[in-house]
J.: 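Mind looking over this structure? Questions follow.
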Protein chains: 2
Amino acid sequence: MAAHPDTAEKTPRAPLTRERVLQAAVEIADERGLAALTMRSLGQQLGVEAMSLYNHVTNKDDVLDGLVEVVTGEVLAAAEQIAPPADPSEWKAVMRARILAARGVLLRHRWAPGLMETRTKSPPTAMQYFDSVLGLMLQGGFSLDLAHHALHALGSRMLGFSQELFMDADEAPEPEVGALMLKQMEAHYPNLAALMRVVNHDADSTIGGCDDQFEFEFGLDLLLDGLERLRARYAA
Amino acid sequence: MAAHPDTAEKTPRAPLTRERVLQAAVEIADERGLAALTMRSLGQQLGVEAMSLYNHVTNKDDVLDGLVEVVTGEVLAAAEQIAPPADPSEWKAVMRARILAARGVLLRHRWAPGLMETRTKSPPTAMQYFDSVLGLMLQGGFSLDLAHHALHALGSRMLGFSQELFMDADEAPEPEVGALMLKQMEAHYPNLAALMRVVNHDADSTIGGCDDQFEFEFGLDLLLDGLERLRARYAA
DNA sequence: ACCTGAACACCGTTCAAGT
DNA sequence: ACCTGAACACCGTTCAAGT
């Protein structure tokens with residue numbers, strides 16, 4: 001809608017700005033992964049020498065900070081789409097919906113969780129998001145103390161991700177290979193082997209075949225239900 | 001206790017092995033951080049050229065994999081110190097104790113959580129640890145399904161850490177500065193500001209002053225209590 | 001005011017050469 | 001069989017120079 005003065009053809013015309021630099025950085029990370037994001041590749045994406053970037057960004061760390069600004073901004077926007085509860089006591093359903101909305105954003109930026117874990121300063125958009133989450137609980141009847149612990153307990157789940165260790169999206173092994181692996185696992189890790197057999201059969205997928213969305217919601221509900229129980233006890 | 005043949009003085013005698021390389025890598029990471037661990041610094045620590053390392057380790061990624069082998073090995077050893085439950089139904093107390101033991105290990109290797117999040121393959125020691133956690137639940141009366149979801153829900157908490165975003169250990173600001181910051185927060189993040197005031201007063205520490213150990217246990221108990229409830233319902 | 005080219009210090013890694 | 005030195009391709013970043 002905003003009038004933009006470009007001719008229709010490829011115009012490396014638009015002046016460089018911090019925003020354009022960050023937007024290009026997001027594109028690279030989305031398409032080729034965070035490892036592919038270097039000052040040189042970023043310059044190239046913008047049709048400019050790497051050194052020009054330093055006029056709009058103080059250094060690479062600043063670019064990375066900017067990346068999480070962008071992502072948490074999208075999270076905030078997505079969460080704001082979900083209306084506040086009709087009755088404050090219905091905090092849980094709204095919180096759940098907002099967190100799942102946040103998760104939707106992070107799924108579009110797979111590199112974001114790993115990056116956010118390395119940052120120490122939270123951008124204003126993240127602060128705003130946390131503030132709204134906190135407000136939801138306080139209005140829902142949480143004490144400040146309980147809400148405080150809840151924030152810690154939810155941790156990264158608030159932003160829509162949880163680190164499941166070593167659970168890589170392993171590609172399906174050949175059936176025979178899979179059977180052999182299972183035999184070997186049987187010997188060393190009997191319980192895990194039993195688990196893998198079940199997971200294999202239940203899902204249409206293979207060994208690594210867990211339903212990420214289901215597991216995320218399972219863990220989330222465990223926490224939210226526990227918090228609601230504590231809230232109710234406190235309120236009583 | 002083991003007889004070691006070194007003369008007492010500095011003896012760069014002992015032949016290089018994968019184990020010695022990894023042990024040196026752990027030392028560097030513990031003392032100077034993971035960023036200080038380069039093939040060159042690692043060589044230096046061992047009194048050898050960087051290129052010699054490639055005789056015992058395939059590349060840097062292999063070193064990083066080895067690092068998590070070492071750490072998860074320590075976790076396994078620590079967890080094995082805690083005796084299995086007298087009655088299988090007492091799975092929760094034992095699990096809690098084992099996870100807190102794991103946490104003790106990770107606190108000695110602050111770089112380990114961040115590293116583990118980047119790895120995709122889990123070393124045998126980690127598999128063994130997960131197998132024992134799983135066994136604890138199965139013997140405690142969990143269905144395979146529920147135990148499976150429990151593993152996902154616990155995630156990194158099983159190994160003793162949880163990623164709390166942006167919660168850096170910020171050094172205490174000067175009191176006046178802190179007051180000013182609070183004023184500004186008040187305007188933009190009213191709920192967070194209220195929270196910070198409480199946290200400030202409660203603890204002897206300052207703004208960032210949260211009791212990590214308490215918060216870890218709070219979240220852990222929320223999950224374990226929730227799981228026990230589901231187990232009991234399933235068993236009934 | 002913004003962009004460039006050459007350069008610096010630092011990576012991981014290869015390879016031919018030493019012992 | 002193990003270690004070394006020189007070299008390569010790649011980083012982030014500085015700086016003097018261009019326009």
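Just so you know, these numbers use all the heavy atoms, side chains as well, and skip hydrogens, waters and symmetry mates. What you are looking at is a predicted structure, and each value in this text was computed from that prediction instead of being measured. Just so it is clear: chains get the letters A, B, ... in the order the sequence lines come, proteins before strands, and each one is counted from 1.
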J.: Donor-acceptor check, side chain of B/Ser122 to backbone of B/Met127, threshold 3.5 angstrom: yes or no?
T.: no
J.: Is there any salt bridge (Lys or Arg N to Asp or Glu O under 4.0 Å) pair reaching into residues 124-137 of chain A, and which pairs are they, with sequence neighbours excluded?
T.: none
J.: How would DNA chain D look in dot-bracket form, 5' to 3', counting Watson-Crick and G-U wobble pairs with both distances under 3.5 Å and writing | for bases paired to another strand?
T.: ||.|||||...|||||.||
J.: B/Asp212: what forms a side chain to side chain donor-acceptor pair (under 3.5 Å) with it, not counting sequence neighbours?
T.: none
J.: Do any pairs count as a salt bridge (Lys or Arg N to Asp or Glu O under 4.0 Å) and have a residue in residues 186-196 of chain A, sequence neighbours left out, and if so which ones?
T.: A/Glu186-A/Arg197
J.: Who passes side chain to side chain donor-acceptor pair (under 3.5 Å) against A/Glu117, sequence neighbours left out?
T.: none
J.: Using side chain to side chain donor-acceptor pair (under 3.5 Å) as the criterion, list what pairs up with A/Ser156, not counting sequence neighbours.
T.: B/Gln163
J.: Can a donor-acceptor pair be found, under 3.5 Å and without considering hydrogens, that links the side chain of A/Thr72 to the backbone of A/Val68?
T.: yes
J.: Apply side chain to side chain donor-acceptor pair (under 3.5 Å) to B/Gln23 and list each qualifying residue two or more places apart in sequence or on a separate chain.
T.: none
J.: Provide the full list of ring-ring contact (aromatic ring centres under 6.0 Å, His included) pairs with a residue in residues 102-126 of chain B, sequence neighbours left out, each pair given once.
T.: B/His109-B/Trp111
J.: How would you give the extent of chain A contacts on DNA chain C, as first and last nucleotide 5' to 3' within a 4.0 Å heavy-atom cut-off?
T.: C/dC2 to C/dA7
J.: Scan residues 64-74 of chain A for pairs that pass salt bridge (Lys or Arg N to Asp or Glu O under 4.0 Å), counting only residues two or more places apart or in two chains.
T.: A/Arg18-A/Glu69, A/Asp65-A/Arg119, A/Glu74-A/Arg108
J.: Which ones in residues 54-68 of chain A lie close to DNA chain D, meaning a heavy atom under 4.0 Å from one of its atoms?
T.: A/Tyr54, A/Asn59, A/Lys60
J.: Any heavy-atom pair between the side chains of B/Asn59 and B/Met39 that's under 4.5 Å?
T.: no
J.: Salt bridge check: are B/Glu217 and B/Arg96 linked by an N-O gap of less than 4.0 Å?
T.: yes
J.: Could you list by number each residue of residues 34-44 of chain A showing a heavy-atom separation from DNA chain D of less than 4.0 Å, or answer none if no residue does?
T.: A/Thr38, A/Met39, A/Arg40
